[in-house]
Each structure stands twice: as structure tokens, then as C-alpha cells.
Number of protein chains: 2
Amino acid sequence: MTFEEKTMKTERIYEGRIINVRVDTVELPNKKYSKREIVEHPGAVGIIPITEDNKIILVKQFRKAVEEVLLEIPAGKIEPGENLVRCAVRELEEETGFTTDHVEKLIEFYTAPGFSNEKLHIYVAKNLKEGISNPDEDENIEIIELSMDEILNKIETGEIKDSKTIVAMLTYTNLYSKNR
Amino acid sequence: MTFEEKTMKTERIYEGRIINVRVDTVELPNKKYSKREIVEHPGAVGIIPITEDNKIILVKQFRKAVEEVLLEIPAGKIEPGENLVRCAVRELEEETGFTTDHVEKLIEFYTAPGFSNEKLHIYVAKNLKEGISNPDEDENIEIIELSMDEILNKIETGEIKDSKTIVAMLTYTNLYSKNR
């Protein structure tokens, strides 16, 4: 089966600080035309920071889009030309103050491929050293340490409701339990 | 700690078929102003359809935003005023042809709360009856049945890279293995 949708026209709607928006007119495999609304995003990195006593460091922050305070793994968008590992180490330090000399890639995925190209890259960070956090000027972040079981429980009860955090923690648990 | 960001001004950027875009000027807890780019989405429902012999029905479709054919659970956006269960049953039938008289809620989450309010509601569907699929005019869908192990393997190798599918399948596996 042919799936591809050929771009016949692109309308640039918005160029923003984090996202751009465009509408593509596409030719479907059946030769009919349709429109695709697309949110361009530079991609982001999420980190699972694991302390020496096996706690996970999460951040609590207000998310304007959903008007809620969410509990998430530390994360942030990739700067132009920035290396993924460097981005992971930077965001970890900015949001939590912890530094690390070692991160390992866990998984990557698209958050909302129906309308956005945002790709999330998840890293695991160990050998953490405490430092001083330095969040972006417009970020208000509170740091919380939880055990893996506490996090799984919060996913089940719905208290953790951010897709990248759920993907990261369930993938990590799954692999971890398999390797034991 | 106060987290809330008060909306001081809203600029409507785009009103589309699936998404709207707005930019809010917010007052941060420290009284400074910042901008938040927000993609409004009506929310969506995803379904894990499980056959009598414990296979999962997935759909393969081209996603223009990422220019790739992705393997996903059946899903679709909620129509105005539509009940979530009704939406799940409808999307399952439209995309796969299978009908069901019973769905169960598994989990709900935000796909990309950093810039969008899209909420995903995941249901499990059993007692499936075969029928005729009826996808939207602009949807090209291929149906594939896989075992749970095959799916977990494809998550690990990166062949499945859609967040809602990963969250749905890992949550289901996690709960399922706990209840055995």
C-alpha cells in the first residue's frame, strides 16, 4: 500500500519562540487533496536522574497549556545545533542543580505525531553530584525525590499524567525488571 | 510555592480544523511577564483492541507531521459533545472495522503539556466482532495483528515510536502482569 502524502503547498501560519505552525496541502494516494495542520518543534530531551539510594528526581511545575501543576522528569527543548547528551546534562543541571558525567540513552519517541513533529529523547543519569539549580527565568520548579514504586503508583492513580514521564518510567521499569 | 501563571492577554493566532493556536502573555509568580505558545486540541481517544486469541490490533498510517509511516493503536479525536466511550467505539469501528459492546478505561494523560492541552484517553476493547472499516476520507490505514510480546519488542527496538501507543501498551502490560 502507498501511504505517502505529497506536499502541494505550504502555508506558514506562525513562527514562535518554541513552536512554528504551518498548514500543508497534501495529495493523498487516491490523488485527492487534503490539509494537514502541523506544529513544528525542535525536539526535547528528558532525563531520569537516579540517586545513589535509587530515588528518582522529579520536577513539579505549572504548565500553562493545561492550567495545572504537573509532576515530570526534568526535560527541556534542544537548542539549535546542540548535541543531545549535552542538552540532557544541561537541562538536568538547570532544573535540579545535579550534575553528572554519565548519561545513557533509554528510548526516543514522538509525543503527538498526529499534529506535531516533536521528538523526545530520554536519557538515564546516574553518579549525580549536587549543585545549584539555575532554571530559565520563566520557569518555577520544585524538586521532589520519589522511589520507583511511588512513581509507578502515581502513574496508576493518575497523579502523574505527562506522557514523556510515563513512557520514560515504564520503559525503564520494564527493561530494569527484565535485566534482573 | 506559588506556581500559577495569570493570563494578562491572549492573542488568537490560528483557528484550524483540528488545532487552534494562541499566545498567552502571563504574569509569573515573581510578577514578571512571559509568553506561552499554546496549541489547543479537543482531546483524543486511543483503543487497545484485544482479539479472542490475545492479539492486539494496530494500525499503520502515514503521519505527515513526521513524514513517516507509524504503527499505532487505533485512535481519533473527540467530536464536539461526544461521549468518550462512544468515541472509542466509533474510532475502533471506523479504523479497523471491529465493533465491540464493551470497553474499559485504562489511563489518561497529556501528550505534550509543554505546549498543548491535548489529553489522551485510553480504553481496552474486548469481545470484538469483525465488520467493515470505514476510515475518514483522508485516512489511509493498514491493519496489523501482533502479540503483546511482539509489540513490547517493537517498543524496545524503536519501531513503535508513538507516545500514546507506548503509554497504552506498557500500562496495560504492567497492570496485566500485576494481576496475574
Side-chain angles (χ1 to χ4, degrees), chain A residues 1-5 13-14 16-19 21 23-24 26 28-29 32 34-39 41 44 60-66 68-70 75 107-120 137-138 140 142 152 155-156 158 161-164 166-167 170-171 173-175, chain B residues 1 3-5 13-14 16-19 21 23-24 26 28-29 32 34-39 41 44 60-66 68-70 75 77 107-120 137-138 140 142 152 155-156 158 161-164 166-167 170-171 173-175:
Chain A
M1 198 195 275
T2 311
F3 287 100
E4 218 206 321
E5 300 177 353
I13 303 287
Y14 175 71
R17 198 167 60 102
I18 294 171
I19 58 170
V21 180
V23 176
D24 283 358
V26 298
L28 304 173
K32 287 191 179 168
S34 187
K35 301 236 178 197
R36 301 293 182 211
E37 301 163 348
I38 295 167
V39 177
H41 187 287
K60 227 172 153 173
Q61 62 184 316
F62 182 79
R63 291 299 201 173
K64 186 63 186 173
V66 299
E68 273 185 64
V69 174
L70 295 187
I107 189 172
E108 61 182 54
F109 56 91
Y110 295 117
T111 51
F115 66 91
S116 176
N117 68 347
E118 186 192 26
K119 193 181 239 185
L120 235 304
E137 207 186 42
D138 62 351
N140 276 281
E142 190 180 308
L152 294 180
I155 292 173
E156 228 180 296
K161 39 190 144 188
D162 162 52
S163 76
K164 73 173 166 307
I166 301 174
V167 168
L170 291 184
T171 305
T173 315
N174 243 43
L175 294 179
Chain B
M1 200 196 274
F3 287 99
E4 217 207 323
E5 300 176 353
I13 303 288
Y14 175 69
R17 198 168 58 102
I18 294 171
I19 58 169
V21 180
V23 177
D24 283 357
V26 297
L28 304 173
K32 286 190 179 169
S34 187
K35 301 236 180 199
R36 302 294 182 209
E37 300 163 348
I38 294 166
V39 176
H41 187 288
K60 228 172 152 171
Q61 62 184 317
F62 183 78
R63 292 299 202 172
K64 186 64 187 172
V66 298
E68 273 185 65
V69 174
L70 296 187
K77 78 170 167 45
I107 189 172
E108 60 182 56
F109 56 92
Y110 295 117
T111 51
F115 64 92
S116 176
N117 68 347
E118 186 193 26
K119 193 181 239 186
L120 234 306
E137 208 185 41
D138 63 350
N140 277 281
E142 191 180 308
L152 293 180
I155 291 174
E156 227 180 297
K161 37 189 144 187
D162 161 52
S163 75
K164 73 173 164 309
I166 301 174
V167 169
L170 291 185
T171 306
T173 315
N174 242 43
L175 295 179

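Below, chain A is the first sequence line, B the second, and so on; all start at residue 1.
Considering every non-hydrogen atom in both A/P29 and B/N140, the closest pair reads CD-ND2, 3.4 Å. The two residues B/S163 and A/S163 have their closest heavy-atom pair at OG-OG, 4.0 Å. Residues B/F115 and A/F115 approach most closely at CE1-CE1, 4.3 Å, considering heavy atoms.
Contact tally against chain A (heavy-atom pairs below 4.5 Å) for B/A44, B/S116, B/G158: the top residue is B/S116. The candidate from A/K60, A/E5, A/Q61 with the greatest count of non-hydrogen atom pairs under 4.5 Å with chain B is A/E5. When each of B/D24, B/I13, B/L120 is scored by its heavy-atom pairs under 4.5 Å with chain A, the top score falls to B/I13. For chain A, the option among B/V69, B/I166, B/I19 with the highest count of heavy-atom pairs below 4.5 Å is B/I19. Comparing B/I18, B/T111, B/L152, B/N117 by heavy-atom pairs within less than 4.5 Å of chain A, the highest count is held by B/T111. Among B/A112, B/G114, B/A75, the residue making the largest number of heavy-atom pairs under 4.5 Å with chain A is B/G114. Between chain A and the residues B/E118, B/K119, B/K32, B/R17, the most heavy-atom pairs under 4.5 angstrom are made by B/R17.
Between A/Y110 and the choices B/K164, B/E68, B/R63, the side chain to side chain donor-acceptor pair (under 3.5 Å) rule is met once, by B/E68.
No side-chain heavy atom of A/I155 sits under 4.5 Å from any side-chain heavy atom of B/N174.
For a residue to count as touching a neighbouring chain, one of its non-hydrogen atoms must lie under 4.5 Å from one of that chain's; by this rule A/L170 touches chain B with backbone and side chain alike.
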inquiry  = Please determine whether side-chain contact (heavy atoms from CB on, under 4.5 Å) holds for the pair B/F109 and A/D162, giving the CA-CA distance in whole Å, both sets of side-chain angles, and the decisive distance to 0.1 Å.
reply    = CA-CA 6 Å; B/F109 56 92; A/D162 162 52; over 6 Å; no
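With respect to the salt-bridge test (charged N to carboxylate O, under 4.0 angstrom), the residues B/K35 and A/D138 do not qualify.
Atom-to-atom distance recorded for B/K64:NZ and A/F3:CZ is 15.0 Å, nearest 0.5 angstrom.
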